[in-house]
Amino acid sequence: MAAIFTGAPPNSGPGYSFTQTPAPTSASEPRQHAFYPYTDNGGSTLGISSSNFTILAGDTRSTSGYNINTRYAPKLFHIDSADPSSRLVLSVVGFAADGEALAERLDTVVKMYRYQHGKTISVGAAAQRLSHVLYGKRFFPYYVHAILGGLDEEGKGALYSYDPVGSYEREQCRAAGAAASLIMPFLDNQVNYKNQYVAGSGVGHELQQRDPRPLERKEVEELVRDAFTSAVERHIEVGDGLQMMVITKEGVEEVYRELKKD
Amino acid sequence: MNHLPQAWGRPRDDIYGAYNHSHLAPGQPTTHTKSPIVTGTSVIALKFRDGVVIAADNLASYGSLARFTDVKRLRKFNDKAVLGFGGDVSDMQYLDRHLNALAVRENYSSGSGAGEKASSTSAEASEEERAESLDNEGAGTGMAANNLHKYLQKLLYRRRSDFNPLWNHILIAGLSTPDPKVPDATPQPFLKSVDLLGTAFGAPSLATGFGAHLAQPILRRVVPDEEAVKKIDEKTAVEAVRECMKVLWYRDARSLDRYSLAIVTGEGVRLSEDERVEGQSWEFAEGIRGYGTQVV
């Protein structure tokens with residue numbers, strides 16, 4: 001619409017003749033692109049790793065603005081699920097179309113690795129490859145915050161978090177997406193025991209930080225549920241359902257729970 | 001006409017503005033659709049026990065002008081899938097041609113004696129009949145609604161990544177291929193959408209455009225979740241959709257009281273393109289206060 005009518009008549013100009021009208025005779029002004037190729041589909045994800053398992057979780061609401069697109073749009077993807085020894089799960093939050101494209105890219109990459117090398121890719125290798133996949137689109141990024149979960153060679157829980165252009169880091173826990181700022185401090189306190197001190201250890205510099213320990217699966221599942229029920233209360237883009245994937249040496253187990261739908 | 005012959009026959013600058021040479025400048029970056037021109041408004045759809053019902057009105061607007069009042073925005077792909085287009089109408093027509101070619105290719109490659117049938121078709125058979133026979137050939141083996149949805153999602157995502165979007169929001173309604181992991185699985189009702197950015201999602205009920213605000217809340221009362229889908233029958237679903245078309249006609253200024261409605265079930269597609277909004281009552285308008293012409 002605008003394209004047609006923006007060539008507004010020069011009301012104050014000399015008019016009538018195109019030779020006398022001050023007109024852009026060359027392609028001087030760059031014409032602006034009104035098309036913006038990204039959108040934010042809301043939602044939140046988190047991952048926690050422990051001594052022998054990793055849990056990834058994400059809500060299943062998809063939004064555009066104040067609208068709810070659907071109450072069930074998974075953000076967690078089991079990578080190369082055709083391989084029974086696959087222990088990789090990718091969670092993506094941000095622009096959903098990019099998220100799905102990224103999950104499919106990683107899925108083919110991991111499959112190709114298996115076909116070419118005859119073995120399942122390690123999490124470390126998959127994590128670095130994912131970083132390269134993201135960095136490869138450095139100048140037109142996948143607009144997502146990705147978290148990759150799995151088990152490392154020692155069988156310990158592994159968790160890698162990414163920014164949209166591929167910076168990555170192995171961590172114990174990470175929250176991403178719309179409610180990341182609500183969930184992450186909670187995780188810092190409850191997983192890494194930040195700002196928790198040994199009772200009676202003194203004051204000031206004497207104060208002793210409580211040592212983090214590997215958490216039990218039950219504890220982590222409860223933390224995840226608490227984190228999301230709280231986020232649902234305070235963030236409008238989070239809700240509807242909670243999808244959890246628990247990665248153990250036995251396999252990848254998917255758990256679904258309802259969240260508030262308001 | 002003025003005293004300058006070189007201006008004759010050219011669009012008048014005082015009316016149309018000076019010619020913007022950047023539109024035809026060589027060596028410039030190629031530019032694409034920046035905004036839709038002729039547009040269709042809402043498409044709404046709803047899943048029920050054994051299928052899906054989908055509807056869209058027959059209007060193509062030019063801004064606020066109701067420009068074309070007999071545009072069919074629902075398109076049957078085969079016996080298992082119907083598409084509903086919101087957004088730019090020319091992009092819809094482009095996709096329509098593209099999908100026609102795809103359907104023909106699919107019907108040739110998906111076997112089930114498509115070739116035999118085609119050769120036995122008499123030379124006098126009309127183009128329409130031939131198209132019809134192609135449609136039916138695909139019923140057994142061709143692309144189901146989920147396949148078509150994936151195809152369109154890839155297409156639209158690719159186009160947005162090329163900065164040349166197809167300015168549509170499309171609903172794909174129909175039946176999916178049965179789950180290969182479940183023995184004796186039957187085709188399930190399928191409803192998903194894809195938009196100009198390639199964002200794709202499915203739900204028991206979907207609505208594009210204004211319908212997302214006006215119709216979706218009504219439809220969600222009918223089918224809040226997948227469990228509810230299994231409980232409602234075709235009649236309830238169609239009634240709900242018709243009610244929504246009425247609400248849209250009352251409240252969406254870019255809508256029309258003539259619409260198309262399609263029902264996809266295991267028996268095939270029933271598409272009607274000359275539905276009307278029945279049982280209108282504008283009495284509620286009397287009571288509206290606080291905006292428009294009634295300010296007190």
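Order of the sequence lines fixes the chain letters, A, B, ..., with proteins taken first and strands second; residue numbering starts at 1 for each chain.
Proximity to chain B (any heavy atom under 4.5 Å) is shown, for A:Tyr66, by neither the backbone nor the side chain. In this structure, chain B has a heavy atom under 4.5 Å from the side chain of A:Asn67, while its backbone stays farther away. The contact between A:Phe140 and chain B is made entirely by side chain atoms (from C-beta outward), counting heavy-atom distances below 4.5 Å.
Counted within 6.0 Å of CZ on A:Arg225, heavy atoms from surrounding residues, nucleotides or ligands total more than 12; the atom is thus considered enclosed. Around CZ of A:Arg114, the count of heavy atoms belonging to other residues, nucleotides or ligands within 6.0 Å exceeds 12. For OH of B:Tyr151, the number of neighbouring non-hydrogen atoms (other residues, nucleotides, ligands) closer than 6.0 Å is greater than 12. Other residues, nucleotides and ligands place more than 12 heavy atoms under 6.0 Å from the CZ atom of B:Arg49.
Aromatic ring pairs are classed by plane angle as parallel below 30°, tilted from 30° to 60° and perpendicular above 60°; the pair B:Trp167 and A:Phe35 is perpendicular.
In this structure, CZ on A:Arg71 lies 12.5 Å from CD on B:Glu226, to the nearest 0.5 angstrom. Note: B:Arg160 CZ to A:Tyr36 OH = 10.0 Å, rounded to the nearest 0.5 Å.
Per-residue counts of heavy-atom pairs under 4.5 Å with chain B were compared for A:Asp98, A:Ile68, A:Asn69, A:Thr70; the largest is that of A:Asn69. Among A:Gly99, A:Ala73, A:Ala97, the residue making the largest number of heavy-atom pairs under 4.5 Å with chain B is A:Ala97.
Scanning residues 203-213 of chain B against chain A with a 4.5 Å non-hydrogen threshold yields B:Ala203, B:Leu206, B:Ala212, B:His213, sorted by number. Taking non-hydrogen atoms and a 4.5 Å limit, the residue list of residues 185-201 of chain B in contact with chain A, ordered by number, reads B:Leu196, B:Leu197, B:Gly198, B:Thr199, B:Ala200, B:Phe201.
Between B:Arg220 and A:Lys261, the closest side-chain pair of non-hydrogen atoms is not below 4.5 Å.
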